[in-house]
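Lettering follows sequence order; numbering is per chain, from 1. From a predicted model like this one, the values you see are computed outputs, not experimental measurements.
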Amino acid sequence: MPTPVRVRFAPSPTGRPHVGGIRTAMFNWLMARHAGGKFVLRIEDTDVTRKVEGAVEYIMDGLKWLGLDWDEGPDVGGDYGPYYQSQRLDLYRQAADRLVKQGDAYYCYCSPERLVEMRKEQVARKQPPGYDRHCRDLAPQERAQKEAGGIVPVVRFKVPLEGQTKFTDLIYGDVTFEHSTIDDFVLLKSDGYPTYHLANVVDDHAMEISHVIRGEEWVSSTPRHLLIYGALGYDPPQYVHHPLIVGPDRAKLSKRHGDVSILEFRKHGYLPETMFNFLALIGWSLDDKTELMTRQELIDNFSLERIGKTGAIFNRDKLDWMNGVYIRSLSIEDFTQRALPFLEQGLPSPVKRPLDIDYVRRMMPLIQERTKKLTEAPGLVKFFFVDKLDYDPTLLIARNMTPESTLAALDASSQRLSKLSIFNEESLETLLRPLAEELGLKAGQLFGALRTAVTGETATPPLFQTMAVLGRERCLRRIDEALEKLRRLSS
RNA sequence: GGCGCAUUCGUCUAGCGGUUAGGACACCUCCCUCUCAAGGAGGAGAUCGCGGGUUCAAAUCCCGCAUGCGCUACCA
């Protein structure tokens with residue numbers, strides 16, 4: 001029987017959840033769900049200096065938003081806890097002690113200053129920087145002396161001087177590293193916390209992780225991990241390194257490329273469905289044509305073999321397009337509910353809150369297919385709410401028209417409109433189309449003038465539907481105001 | 001500098017010895033049309049990083065080179 005699939009997402013709580021990290025989590029999650037395995041969340045809070053308050057909540061928030069639920073983790077527990085590395089310090093200490101006792105690791109008393117200096121010299125001499133193994137073979141009395149001097153040592157791994165470590169990555173294939181290129185890295189820091197390398201190995205083993213799916217930035221660390229597994233006598237997991245998401249300059253995507261937190265995307269009006277689908281498609285593909293996939297389709301079809309090998313630029317244009325597709329696919333009620341918070345937030349402050357939900361419901365169908373991001377919604381419906389429209393009066397004058405002809409057209413419209421018995425899309429169309437002809441105008445000319453008069457915009461949803469939602473009173477008042485503007489313009 | 005990995009339209013990608021190198025976003029044109037969208041139909045855009053091989057045949061296999069990225073911390 002093959003070992004059960006157990007994968008993990010192991011973020012470091014140093015800030016808001018980066019889309020790259022979330023994509024790593026997603027690949028792990030997809031792997032678990034596809035194989036019927038377990039997805040565990042483990043918090044790697046071993047760097048006290050970079051720890052950010054609230055970061056764990058941000059990370060969980062981001063994961064939950066995308067529906068990446070975990071079977072084991074800090075909040076839900078599990079048989080392999082605790083899931084905060086800061087609560088597993090004994091385990092790392094024991095492992096480090098054992099390695100020292102076995103002769104696979106040693107105490108190092110070198111000061112940070114010495115290490116910096118050493119590296120500076122190495123670089124100056126064009127030597128590869130790396131620990132010079134100063135403390136690797138310290139005599140017992142030398143050690144005692146350092147200890148007596150109050151120096152708290154770190155524990156370093158004793159990397160074999162010769163030989164090589166090979167591994168087969170499920171994406172990149174066979175990778176080989178010469179031991180001579182690996183220096184004696186730190187396992188346990190002087191503050192008693194482990195480094196990533198030690199903690200990662202100890203925990204992945206203890207938690208029976210079957211596949212380590214992580215970013216490509218970790219491939220050069222993998223031989224170190226393998227060396228630790230070997231020294232500890234553990235069987236290593238399968239390694240799966242995936243390519244990174246990069247910025248337009250092809251460098252690893254980071255803060256300096258702008259908003260990279262998954263939470264920012266939510267704030268900017270992207271749907272979780274979009275992000276899920278889009279992120280899955282960066283570096284992974286099903287075939288030569290399928291791009292729009294539901295969460296379930298992604299689970300069903302996911303496979304490690306179809307993850308590519310090259311870093312991908314995050315294509316905002318395509319993200320926006322996809323978000324539009326998902327927005328259009330929403331039921332009108334769903335769309336309304338999702339857009340509502342953005343309207344409450346984004347409409348001009350004089351607009352009374354809470355918003356009149358029935359009124360909102362009537363305009364939402366008009367903007368759904370025009371919305372790419374939920375943040376655009378307020379701008380698209382603003383004219384339904386504001387009292388005074390503020391626009392350039394010359395926008396009222398359509399092509400081949402004058403202030404005078406526009407005035408006449410609007411005036412005629414106003415009179416007819418006030419006498420219209422039913423004020424809906426149909427009746428408006430049957431009234432206004434013939435009117436245009438009667439006035440000797442093209443439909444576009446009359447409608448254009450009315451559009452601007454009634455909305456203050458030149459691009460809006462279809463005129464009759466828009467007017468129907470606005471209602472007769474508002475329309476007539478706005479046409480009056482437009483007439484006023486025109487008169488001021490010509491005088 | 002060292003080590004590792006990568007390299008197909010502007011971008012994301014399909015391709016796994018024989019294809020007119022396919023699709024998507026963006027772009028352009030046309031249609032629809034009261035504007036804007038959406039939708040439909042087209043178009044342009046890739047000598048598959050470069051140079052050598054192997055082979056009847058290479059984007060696909062091999063070797064060099066170039067370029068890019070990653071790592072090179074008591075950070076992850």
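Residue A:D287 is in sugar-phosphate contact alone, with no base atom involved, counting any heavy-atom pair closer than 4.0 Å across all strands shown. Within the 4.0 angstrom heavy-atom criterion, only backbone atoms of the sugar-phosphate kind lie near A:G283; the bases stay farther away. Across all strands shown, A:T181 has heavy atoms under 4.0 Å from sugar-phosphate atoms exclusively, and none from any base. When heavy atoms are screened at a 4.0 angstrom cut-off, A:L380 is found touching no nucleic acid atom at all. Contacts of A:D169 with the nucleic acid, taken as non-hydrogen atoms under 4.0 Å apart, are absent.
Counting to the nearest Å, the P atom of B:A26 and the CZ atom of A:R316 are 15 Å from each other. Remark: C1' of B:C16 and CD1 of A:I307 are 17 Å apart, rounded to the nearest angstrom. As a whole-Å value, the separation of A:F314 CZ from B:U13 P is 12 Å. Separating the CG atom of A:L319 from the P atom of B:A26 is a distance of 12 Å, rounded to the nearest angstrom. As a whole-Å value, the separation of A:I313 CD1 from B:A6 P is 19 Å. Atom pair A:E178:CD and B:C5:P shows a separation of 12 Å (rounding to whole Å applied). Atom-to-atom, NZ of A:K289 to P of B:G23 comes out at 8 Å; the value is rounded to the nearest Å. Distance, A:K309 NZ to B:G4 C1': 13 Å, rounded to whole Å.
Screening A:H18, A:R214, A:H242 against A:T24 for a side-chain hydrogen bond (donor to acceptor under 3.5 Å, both in side chains) leaves a single residue, A:H242.
Listed nucleotides B:C25, B:C34, B:A38 differ in distance to A:D317; the shortest reach to its side chain belongs to B:C25. In the set B:G15, B:A38, B:C12, the nucleotide with an atom closest to the side chain of A:A312 is B:C12.
Without hydrogens or angle criteria, A:R250 side chain to A:A312 main chain gives no donor-acceptor distance under 3.5 Å. Looking at A:R156, its side chain never comes within 3.5 Å of a backbone N or O of A:Y106 through a donor-acceptor pair.
Within 6.0 Å of NZ in A:K442 there are 12 or fewer heavy atoms belonging to other residues, nucleotides or ligands. Around the CZ atom of A:R474, the shell of radius 6.0 Å holds more than 12 heavy atoms that belong to other residues, nucleotides or ligands.
Comparing the C1' positions of B:C48 and B:A21 gives an interatomic distance of 8 Å, to the nearest angstrom. B:C34 and B:A26: their P atoms are spaced 25 Å apart (whole Å). For the C1' atoms, the distance linking B:G15 with B:C61 amounts to 15 Å, nearest Å. Taking atom C1' in both B:C50 and B:A66, the straight-line distance is 7 Å, to the nearest Å. Taking atom P in both B:G17 and B:U67, the straight-line distance is 31 Å, to the nearest Å. Here, B:G23 and B:A41 have their P atoms 13 Å apart, quoted to the whole Å. Of the P atoms belonging to B:C63 and B:C27, the separation is 43 Å, rounded to the nearest Å. To the nearest whole angstrom, the two P atoms, one in B:C16 and one in B:U72, are 37 Å apart.
Pairing for B:C30 is with B:G40, a Watson-Crick or G-U wobble pair whose two hydrogen-bonding atom distances lie under 3.5 Å. The partner of B:U60 cannot be assigned: no Watson-Crick or G-U wobble pair with both contacts below 3.5 Å exists in any strand. Nucleotide B:C71 is matched to B:G2 when pairs are restricted to Watson-Crick or G-U wobble geometry with both distances under 3.5 angstrom. A 3.5 Å limit on both hydrogen-bonding distances identifies no Watson-Crick or G-U partner for B:U19. Across every strand in view, B:U47 sits unpaired, with no contact that passes the Watson-Crick or G-U test at under 3.5 angstrom. Pairing partner, B:C25: B:G10, with both Watson-Crick or wobble hydrogen-bond distances short of 3.5 Å.
Under a cutoff of 6.0 Å and an axis angle of 45°, A:K485 and A:Y391 form a cation-pi pair. Judged by a 6.0 Å distance limit and a 45° cone about the ring axis, A:R295 is positioned over the six-membered ring of A:F276.
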Sequence-aligned protein contact record of nucleotides 67-76 of chain B, with B where the base is within under 4.0 Å of a protein heavy atom and S where only the sugar-phosphate is: --SBSSSBBB

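Between A:E438 and A:R416, at least one side-chain N (NZ, or NE/NH1/NH2) sits under 4.0 Å from a carboxylate O, which counts as a salt bridge. Salt bridge A:D334/A:R338: present, at least one basic N to carboxylate O contact under 4.0 Å. For the pair A:R119 and A:E121, the salt-bridge criterion is not met [side-chain N within less than 4.0 Å of a carboxylate O].
Along RNA chain B, the nucleotide closest to A:E291 and the one closest to A:G444 are compared, and the more 5′ of them pairs with A:E291. Closest-nucleotide positions on RNA chain B for A:I171 and A:Q465 were compared, and the one nearer the 5' end corresponds to A:I171.
Classification of the A:F167-A:F177 ring pair by plane angle, with boundaries at 30° and 60°, yields parallel.
For a distance-only test at 3.5 Å, the side chain of A:K318 qualifies as a donor-acceptor partner of the base of B:A24.
Taking every heavy atom of residues 448-458 of chain A and every atom of RNA chain B, pairs under 4.0 Å involve A:R451, A:T458, by number.
Residues A:I479 and A:V454 share a closest heavy-atom pair of CG1-CG2, 4.2 Å.
Of the side-chain N and O atoms in A:R433, one or more sit less than 4.0 angstrom from OP1 or OP2 of B:C34.
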